[in-house]
Structure formats: structure tokens, C-alpha cells
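The block underneath contains the structure these notes are about, expressed in C-alpha cells.
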Amino acid sequence: MTDCVFCKIIAGQIPGSLVYEDQEVAAFRDINPQAPLHVLIVPRRHIATLNDLTEADDAVVGSMFRAAAALAKRHGYADRGYRTVFNTNREAGQTVFHIHLHLLGGRTLGWPPG
Ligand code: AMP
Ligand code: ZN
């Protein structure tokens, strides 16, 4: 999609701090980090919200979670703990409409979330 900031980062059209890439998934540091480790894991293919997922996306969503776990492990947070979050639409605070899995680690994370 031409007007999507995450599609542009994946395509190298705007800068992003990439930390992981494979055929289906990319991950880059959040520009406004909320924890010492705050990475966004995204599918290369544009999908606006979780509401738009179909059965054909099952594999890519699995890859996103496996990438999150691998990144958490790489940074030493696998045992300490970390959080993975998808925000969907207005009340959850979704601001970028290309699905992204937030990976947060490196501090104690409160629950329930705000
Ligand atoms: P959400 O509120 O779940 O839609 O999260 C969107 C996230 O994208 C926020 O945490 C933003 O800080 C982050 N973000 C927005 N633009 C960029 C960008 N150009 N590079 C990296 N992260 C971004
Ligand atoms: Zn996109």
C-alpha cells in the first residue's frame, strides 16, 4: 500500500531500525519506545487490522509470534518476561493501520494495561 508508513519502512523508502527480516515478516524498533526493548513485528504484506485476517494469514501470524519470541530471547528477556500486544482500532489506540505485534521487554510491565 503506497500510503502506509510500515510498508514504506519494509520497502526501504523511509528509514527504520530493522532488527529482523525473513520472507514474510520484518521487525524494527519503535520510534517512541515504551520499554528498553520495544520492537514492532509486521507482516511484509499490508493487512490493516486483525479484523482483516483470513485463514490464509495463519502462517504469517505464527511467524510474527515466533519472531517476537526469538527477539526476546536474543535480548535476554525470555526467562525474565516480556509482553506481546496487538492494538485493534480506536479504543485500543491503534494508530498505524498495518498490523504490528508490539514486543516490550526490559522492565516490569503493569497489568491491567491502561
Ligand atoms: P499502535 O498504537 O498499536 O498503532 O502502535 C503504533 C506504533 O508505531 C507506535 O508505538 C509508534 O510509536 C510507532 N511508530 C509510528 N511511526 C513509526 C515509525 N516511522 N517508525 C517506527 N515506529 C513508528
Ligand atoms: Zn502497510
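Counting convention: from 1, in listed order, for ligands and their atoms alike.
- Residues in residues 7-32 take part in these ring-ring contact (aromatic ring centres under 6.0 Å, His included) pairs, two or more places apart or across chains: Phe6-Phe28.
- Restricting His98 to its N/O/S atoms, the shortest distance to the Zn ion (ligand 2) is reached by ND1.
- Taking each heavy atom of Tyr77 and Tyr82 in turn, the nearest pair found is O-CD2, 3.5 Å.
- Heavy atoms from other residues, nucleotides or ligands lying under 6.0 Å from CG of Asp58 number more than 12.
- Asn89 meets the side chain to side chain donor-acceptor pair (under 3.5 Å) test with no other residue; sequence neighbours excluded.
- The angle subtended at the Zn ion (ligand 2) by ND1 of His46 and SG of Cys4 is 110°, given to the nearest 10°.
- Residues Ile47 and Asp52 approach most closely at CG2-CB, 4.0 Å, considering heavy atoms.
- For Arg44, the salt bridge (charged side-chain N to carboxylate O under 4.0 Å, His left out) partners are Glu21, not counting sequence neighbours.
- Nearest approach of Ala68 to Leu103, heavy atoms of both residues: O-CD2, 3.6 Å.
- The contact shell of ligand 1, taken as protein residues with any non-hydrogen atom closer than 4.0 angstrom, comprises Val5, Phe6, Ile9, Phe28, Arg29, Asp30, Ile31, Asn32, Leu40, Asn87, Gly93, Gln94, Thr95, Val96, His100, His102.
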